[in-house]
Amino acid sequence: MPNTNLHNYLLGQWTPHDGDGFPQYDAVTGELIATCGSEGLDYAAIMDYARRVGGPNLRKMTFRERGQMLKKLALHLHSIRKKYYPLSYRTGATKGDSWIDIDGGIGTLFAYASLRRQFPDKPFHIDGEAVGLSKEGTFIGHHIMVPKHGVAVHINAFNFPIWGMLEKLSVNLLAGVPAVVKPSEITSFLTEAMVRDIIDSGILPEGAVQLVCGKGHGILDTLGEQDTVTFTGSASTGRKLKALPNIIENTVTFNMEADSLNAAILGEDAVPGSPTFDLFIKEVRREMTVKCGQKCTAIRRIIVPENLVEDVQLALSQQLQKTTIGNPTVEGVRMGALVSKKQLETLRQRIQELAGETNIVYGQTDSFEVMGADQDKGAFCSPILLLNDDPFNKQGAHNIEAFGPVSTLMPYKGLEEAIELANMGKGSLVSTVATADERIATDYVMGAAAYHGRILILNEESAKESTGHGSPMPLLVHGGPGRAGGGEEMGGVRGVKHYLQRTAIQGHPTMITAVTGQYQKGAAYKEKAIHPFQQHFEDLEVGETLITAKHTVTEADIVNFANVSGDHFYAHVDETSLEGTIFERRVAHGYYLLSKAAGLFVDGRKGPVLLNYGIEDFRFTKPVYPGATIGVRFSCKEKIRQEKRDEEDIRKGIVKWMVDVYDETGETVAIGTILTMVKMRDQR
């Protein structure tokens, strides 16, 4: 059980709130759970602590180290995750709903931990490739991305007290930016319970996370140009916060994920009796009832061919009748309660507004059976299905969101109308098109993508493994344009970059090499007496270069390689076929140049090099004809330390090598990057 007086975690310590606080009630029984508050908090000091303590502690870690930190935290929370379920039930969530929130949130931590491998083993990220800015190559440009020196303020919604926090923390912590978490005051008792375990674990460095359990009035007043706000909630509240003078004046980054009127479209090919039709009905029913319809991704508009409206209404109503409502702890209950009585009151008002121009064809707002609970004490609601027979003129369903188990059925004539109706939501987080027809899927995506952050194509081929309409995935963008807020959360590497500042750096290749730790063509060479393949990972230096012996290419080399490789492309073997081509005469294979280059730079003796790890890129920039003499400049481009898979594994790293093949004129004829796995000397 949480404390009766919820504590805020600020400035490195837990502090009870002042005053009476905001009361939090059990959504099922109506009992008082706790009170929370944030009156009198010194937000300037809170933000300063995050920037002064949390930021430096995170920035001194590499992406790999921050990713390992997330993995360790995910493993810890996963081991104790069952303790959060009883608290989650008190928000009205069923076991399945709680799994989405709790296990789903922890799963996002795992997903972002794994992304560490897509970043360098450095505190900053190197973005893209270097750009030549001068004729002689002595002046180049590159981009790096460094963690912002601010704080991420996460303002979260009441419906996902755990997932809402962890999906955002995963991103900013991997990026190296501290956070202040402000969960909804309605359900912050569950967030507080997990944050206590996070802090007690000692896994995160000091200052990395702070928690405000109350309403948080004034939390954005002291933010500056290096700070970031992520907001999840109603569009009206989000717009007010985004327009605060301080946010505008300091150009504070503001990422907004708001309520949206998401749609599901039944393709004209998905007739009753088809697998796609059945999947559509199942998906709509699930999205209406999971979390009691309190999901920003829930299906609010059901758009179907006009000749199938009656079939969909009947099939969906039959499915909704199977939805047992009641206490989430009671066996057999499939839908719990709304999060609070106040939310229930607001929902009833929205249903009444919708019913002013459309008919309720399934469900009731006040008379239905509740299992294992008192309907009057809990915030229970029946699934409600409305029918809008003229959706182009009766536009309430395109403007009013009833945040609960409520959806509106509407007809369309032709796919163009379906697309137009979907887009009338003025921007949504997600829409689904249920079809097995590739043309319908393609036309819908092309017509609706500009208005949606995500589109699910639902049919039998992917249904077994599909995560469904309402599940934002860690490695995909979660957000949407227009009404949905115009923001982007998660998105894998894309999300991490929201917390990084992209900066262009310019200078001589030697200087850019020194700053980035990545060798640039044209930088000064570092030559050693010992061959690079005879050096351990620790001993190799970025920029270390081997200038190889040279080889004169002969016609016999080309013929022999053609016979060995089986590559008898005409330009290599038939000089009579070259008329009208760019080649003057028989030309050497590109892969021959790569193979011969390896023969020149490889040291065949046994040493620390364990294996060839692959080729990252290779380009052939100039034809090589018999008689040309080639050599190789073989330079250590970048070093990446690898993690041990287990205790028996050896310590090692990946070394990227720039292979610059040049001819007798000194001009590059082929260039690329190869990778080797190299053993470390220190095996402790």
Side-chain angles (χ1 to χ4, degrees), residues 25-31 82 84-104 158-161 187 190 264 277-295 297-300 302 312-341 343-348 350-351 360-387 402-409 463 467-471:
Y25 297 103
D26 190 306
V28 177
T29 66
E31 297 173 345
K82 291 182 180 179
Y84 307 117
Y85 275 76
L87 288 177
S88 181
Y89 297 151
R90 306 196 77 179
T91 70
T94 64
K95 185 176 182 180
D97 298 336
S98 301
W99 182 89
I100 296 171
D101 189 30
I102 298 166
D103 288 72
F158 62 76
N159 51 346
F160 289 101
T187 53
L190 178 52
F277 181 91
D278 294 339
L279 287 168
F280 179 81
I281 298 299
K282 180 180 179 181
E283 192 71 17
V284 173
R285 190 269 307 161
R286 179 169 64 177
E287 288 303 316
M288 285 183 66
T289 58
V290 166
K291 290 289 287 187
C292 205
Q294 298 172 116
K295 291 172 61 182
T297 54
I299 293 171
R300 304 299 178 196
I302 310 165
V312 171
Q313 178 184 327
L314 178 61
L316 184 56
S317 297
Q318 289 174 343
Q319 287 296 311
L320 291 173
Q321 285 177 349
K322 301 176 183 178
T323 304
T324 307
I325 306 165
N327 189 328
T329 63
V330 174
E331 187 72 26
V333 169
R334 298 184 65 179
M335 190 175 85
L338 294 171
V339 73
S340 68
K341 283 279 194 177
Q343 286 298 316
L344 177 59
E345 181 182 342
T346 301
L347 177 65
R348 285 173 172 169
R350 298 292 177 267
I351 294 172
I360 296 176
V361 294
Y362 179 85
Q364 295 178 311
T365 58
D366 53 10
S367 180
F368 49 90
E369 185 177 349
V370 174
M371 181 181 292
D374 187 331
Q375 182 178 343
D376 295 330
K377 293 181 179 179
F380 297 102
C381 180
S382 161
I384 300 291
L385 178 64
L386 299 106
L387 175 61
F403 203 67
V406 180
S407 194
T408 301
L409 178 63
T467 52
H469 168 98
S471 299

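Just the heavy atoms: all of them, side chains too, but no hydrogens, waters or symmetry mates, feed the values below.
Taking the salt bridge (charged side-chain N to carboxylate O under 4.0 Å, His left out) definition, one finds that Arg285 meets it with nothing, sequence neighbours left out. Residues meeting the side chain to side chain donor-acceptor pair (under 3.5 Å) test with Asp97, sequence neighbours left out: Thr94. In this structure, Phe380 has no ring-ring contact (aromatic ring centres under 6.0 Å, His included) partners at least two apart in sequence or on a different chain. Evaluation of the salt bridge (charged side-chain N to carboxylate O under 4.0 Å, His left out) rule for Glu331 yields no partner, not counting sequence neighbours. Applying the side chain to side chain donor-acceptor pair (under 3.5 Å) rule to Ser98 yields the partners Ser88; only residues at least two apart in sequence or on another chain are considered. Partners of Gln375 under the side-chain contact (heavy atoms from CB on, under 4.5 Å) rule, at least two apart in sequence or in another chain, are Phe368, Val370. For Asp278, there are no salt bridge (charged side-chain N to carboxylate O under 4.0 Å, His left out) partners two or more places apart in sequence or in a different chain. Partners of Tyr89 under the side chain to side chain donor-acceptor pair (under 3.5 Å) rule, at least two apart in sequence or in another chain, do not exist in this structure. A search for side chain to side chain donor-acceptor pair (under 3.5 Å) contacts involving Lys295 returns Glu287, not counting sequence neighbours. Scanning for salt bridge (charged side-chain N to carboxylate O under 4.0 Å, His left out) contacts around Arg286 gives Glu283, with sequence neighbours left out. Qualifying side-chain contact (heavy atoms from CB on, under 4.5 Å) partners for Tyr25, counting only residues two or more places apart in sequence or in other chains: Pro23, Leu32.
When all heavy atoms of Pro328 and Ala93 are compared, the pair lying nearest together is CB-O, 3.1 Å. Considering all non-hydrogen atoms of both residues, Ala264 and Ile299 come closest at CB-CD1, 3.7 Å. When every heavy atom of Pro405 is checked against every heavy atom of Cys292, the shortest pair comes out as CD-O, 3.0 Å. Among all heavy-atom pairs drawn from Ile325 and Pro383, the shortest one is CD1-CD, 3.8 Å. Closest of all the heavy-atom pairs between Ile384 and Gly363 is CD1-C, 3.5 Å. Smallest separation of non-hydrogen atoms from Ser382 and Gln364: CB-O, 3.1 Å.
Within the 4.5 Å cutoff, side-chain heavy atoms of Asp101 are placed close to those of Leu190. At a threshold of 4.5 Å between non-hydrogen side-chain atoms, the residues Val312 and Phe277 count as touching. A heavy-atom distance below 4.5 Å is found between the side chains of Thr289 and Leu320. Side-chain contact between Met335 and Met288 is absent, with no heavy atoms from C-beta onward closer than 4.5 Å. Taking 4.5 Å as the limit, some side-chain heavy atom of Leu385 sits within range of a side-chain heavy atom of Ile302.
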- Query: Passes side chain to side chain contact (heavy atoms under 4.5 Å, CB included), Phe160 versus Gln294? Steps please.
  - Reply: CA-CA 9 Å; Phe160 289 101; Gln294 298 172 116; over 6 Å; no
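A 6.0 Å sphere centred on NZ of Lys377 holds no more than 12 heavy atoms belonging to other residues, nucleotides or ligands.
For residues 313-324, no residue pair satisfies the side chain to side chain donor-acceptor pair (under 3.5 Å) rule, not counting sequence neighbours.
For the atom pair Lys95 NZ and Thr329 OG1, the distance stands at 12.0 Å (nearest 0.5 Å). Expressed to the nearest 0.5 Å, how far CG of Asn159 lies from CG of Leu338 amounts to 11.0 Å. The line from OG1 of Thr408 to CD1 of Ile360 is 9.5 Å long, rounded to the nearest 0.5 Å.
At least one donor-acceptor pair under 3.5 Å links the side chain of His469 to the backbone N or O of Thr297. Side-chain N or O atoms of Gln343 include none that pairs as donor or acceptor with a backbone N or O of Ser340 at under 3.5 Å.
At a cut-off of 3.5 Å, with distance as the only test, a side-chain donor of Tyr85 or Asp103 sits close to an acceptor on the other residue.
Partner of Thr365 under the side-chain contact (heavy atoms from CB on, under 4.5 Å) criterion, chosen from Leu344, Leu347, Ile351, Val406: Ile351.
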